[in-house]
Amino acid sequence: MRADRLLLGVFFALLLVLPAVLPPFYVTLLNYIGLYAMVALGLVLLTGVGGLTSFGQAAFVGLGAYTTAFLTTATDLPGWIAWASNSPWIALVIGLVITASVALILGALTLKLSGHFLPLGTIAWGISLYYLFGTMESLGGHTGISGVPAVSLFGWTLKDGGQIYYLIWAFLLIAMLTTHNLLDSREGRAIRALKGGRIMAEAMGVNTSRARTVIFLLAALQACAAGWLYAHMQRFVNPTPFGVNLGIEYLFMAVIGGAGYIWGALVGATLITVLKQWLQDFLPQLLGSSGNFEVIVFGVLMVFVLHYARDGLWPIFKRFVPIRAPQKKIDANAADLPRRELPKAGEPILVAKDVTRKFGGLVANNNMSLEVHAGEILALIGPNGAGKSTMFNQVSGVDTPTSGEVLFLGKSVAGRDSREIARMGMSRTFQHVKLLPTMTVLENVAIGAHLRGNKGVLSAAWRMDRAEEARILKEAARQIERVGLQDLMYEEAGSLALGQQRILEIARALCADPCLLLLDEPAAGLRLKEKQALSELLRKLRAEGMATLIVEHDMDFVMNLVDRIVVMEFGQKIAEGLPDEIQKNPAVLEAYLGGVD
Ligand code: ADP
Ligand code: MG
């Protein structure tokens, strides 16, 4: 048996027997660890993976706890809602619905905030909900609600800590499993692209604001479920555990345990809970007075972790135990993804007409026209500052011309976002390589196929997306072989040389099944051998019918490769023609040799 399976088996066996052998005090501690880990797990998804910091998760725990406490203790609910009283399970569903609604509203208001405004926003609603719990008289004010009943399951009433223990840990393990499944899927790759790859992800057709909303919602729902369990474990609720203090502590747990890792949530929750318990007993004795001294220790601990173990304790722990993710298998029998029909050779694919782009007084593109035909490589060249990148942005729909128009397959590009343009069949690479360095080459390339699948978050969480996933991975592997990177398929993308990373980006673009490739300075920074490999690849793609527009500064690189060249200087077209003609054109020679290149 594999060592990691064995470890997991031991872990499950321990979980199963612990309540029978431990004194109740420790079982209670384990219950808290399970509850906290569930909230921290939401933060792993939200903060560690998605890059969105929230201090407000405790408020969602409160929503879950208060909803069930209120509904299960109410004696005189009005008739229309009377069906919802006295059943913890119905209260759980209602709590989840309320939390989802609140999270959607708060998400719509705060997720657009950038930088430190988002965390500040989460603190703001964290405080508001906390005071709401404390001041609403129907929720018992600051004394709270007592007499919350125990949960029953299949006729079995979970009255004491040793019984609800199993429910808490079952919830946590299911949450860990579904989160793990989700991250290892098409939607999961989109979520993992949020941190550091949003522009790239949008260009691959990922709706990144939707992905942000999804993880925000999932984190809130997990916190709500933890709150529901908490209320039925404690059998009473008051506002104290749902304030921003706890919100900060949950974030502590995730960061210290390892915010980028599912197991990090459990490690962090265990460490903080045990340490807090121990410090609360020990520090007042040591210092001879009472107070929340553990907070100071946590602060120092946090500074240490941020200095010496940015990624938290889990990755360090992992070095000492033999745990590794199994290599993804490519299923050669998976059905091929449907392919687009390429336009016939020679047909115009991309037409830019009199494109002018002004930045204030500066005319970066002046009456630029160009055409790319199916099956050819067109180069747009010019010295630095000529306006090539600006033209690239007009063509790819990242920017809108001041006047003039760009037609792709006969349709105007103006007013469409990157996603729509990707869907139409235009796929691009970036002048400064944009990939997800800790993901494998295979996973990076698979992001390119995002628009060719449609299985959502729920299918992914419950592994109902495997047939589609196999098709996507097979396609990614096919493109990796097409560009010649098959030996590096399972390497981390960040460990590749620059030339290989550029080629990876081309494979990712190809994975979208485009009819036009846009490459922004693909040869920049490459060594001679790498340039040759790139040329060879682009020739091969042309032979297979791909149309390519290369924006390039390096004249030598394009001369022997492309079919036609458009030359720009000072925002204008100064020449257009075959490579041989361009090479002899006096205006071009002047621009390149005479310019301050
Ligand atoms: P190239 O890619 O050929 O080196 P660019 O398209 O990046 O040239 O730049 C052309 C000119 O437009 C430069 O003078 C540059 O400073 C200016 N420019 C580009 N983008 C902007 C912008 N967003 N705002 C103002 N000026 C810009
Ligand atoms: Mg440029």
Side-chain angles (χ1 to χ4, degrees), residues 114 198-200 202-203 350 352-372 377-406 413-418 421 426-435 498-499 501-502 505-506 509 516-526 530-531 534 538 548-559 561-562 564-577 579 582-583 585 587-597:
S114 58
R198 284 182 67 191
I199 295 175
M200 176 276 288
E202 286 279 333
L350 183 79
K353 280 191 224 157
D354 304 324
V355 169
T356 297
R357 178 66 168 110
K358 295 181 184 164
F359 296 113
L362 184 106
V363 188
N365 287 158
N366 193 2
N367 267 323
M368 279 296 299
S369 298
L370 56 81
E371 275 193 23
V372 184
I377 305 180
L378 178 79
L380 177 63
I381 68 169
N384 274 332
K388 302 182 298 292
S389 291
T390 306
M391 188 63 192
F392 188 94
N393 290 341
Q394 313 307 312
V395 166
S396 56
V398 171
D399 194 13
T400 313
T402 315
S403 66
E405 66 172 347
V406 177
V413 160
R416 295 178 201 269
D417 57 32
S418 311
I421 289 168
M426 194 192 293
S427 199
R428 63 170 294 187
T429 65
F430 296 86
Q431 181 172 351
H432 303 287
V433 173
K434 290 189 199 300
L435 34 75
L498 181 62
Q501 295 190 347
R502 286 259 162 75
E505 283 212 328
I506 293 175
L516 176 67
L517 272 184
L518 292 186
L519 310 179
D520 196 358
E521 303 220 11
L526 296 197
E530 294 177 319
K531 282 187 197 176
L534 180 63
L538 295 177
T548 308
L549 172 63
I550 301 184
V551 171
E552 190 48 80
H553 164 75
D554 184 336
M555 191 141 79
D556 294 332
F557 174 72
V558 296
M559 275 310 159
L561 167 68
V562 307
R564 291 187 306 121
I565 300 179
V566 171
V567 190
M568 296 181 75
E569 194 189 16
F570 303 125
Q572 312 216 20
K573 179 152 79 180
I574 57 165
E576 176 167 12
I582 295 296
Q583 230 160 355
N585 186 311
V588 176
L589 292 175
E590 171 66 16
Y592 262 84
L593 301 172
V596 276
D597 187 359

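In each ligand, atom 1 is the first atom listed, and ligand 1 is the first ligand listed.
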For side chain to side chain contact (heavy atoms under 4.5 Å, CB included), just list the numbers for I506 and L538, CA-CA rounded to whole Å, side-chain angles, deciding distance to a tenth of an Å, and then say yes or no.
-> CA-CA 9 Å; I506 293 175; L538 295 177; 4.2 Å; yes
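- The neighbour count for K531 NZ, taken as heavy atoms of other residues, nucleotides or ligands under 6.0 Å away, is above 12.
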For ligand 1, run through the N/O pairs with the protein that fall under 3.5 Å and put one pair on each line.
residue	atom	partner	partner atom	Å
ligand 1	2 (O)	S389	N	2.9
ligand 1	2 (O)	S389	OG	2.9
ligand 1	3 (O)	A386	N	3.2
ligand 1	3 (O)	G387	N	2.9
ligand 1	3 (O)	K388	N	2.8
ligand 1	3 (O)	K388	NZ	3.0
ligand 1	4 (O)	G385	N	2.7
ligand 1	6 (O)	S389	N	3.4
ligand 1	6 (O)	T390	N	2.9
ligand 1	6 (O)	T390	OG1	2.5
ligand 1	8 (O)	G387	N	3.1

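- Remark: I199 CD1 is loosely packed, at most 12 non-hydrogen atoms of other residues, nucleotides or ligands lying under 6.0 Å away.
- Atoms of the protein (N, O or S only) found under 2.8 Å from the Mg ion (ligand 2) are S389 OG.
- Interatomic distance, OG of S427 versus CD of E505, reported as 10.0 Å (0.5 Å rounding).
- The number of heavy-atom neighbours closer than 6.0 Å to CZ of F570, taken from other residues, nucleotides and ligands shown, is 12 or below.
- Taken from CG in L518 to CG in L549, the straight-line distance is 5.5 Å, to the nearest 0.5 Å.
- For the pair L380/M568, a side-chain contact is recorded, criterion being any heavy-atom separation below 4.5 Å from C-beta on.
- For the atom pair CZ of R564 and CG of L370, the computed distance is 8.5 Å after rounding to the nearest 0.5 Å.
- In this structure, CG on N366 lies 12.5 Å from OG1 on T390, to the nearest 0.5 angstrom.
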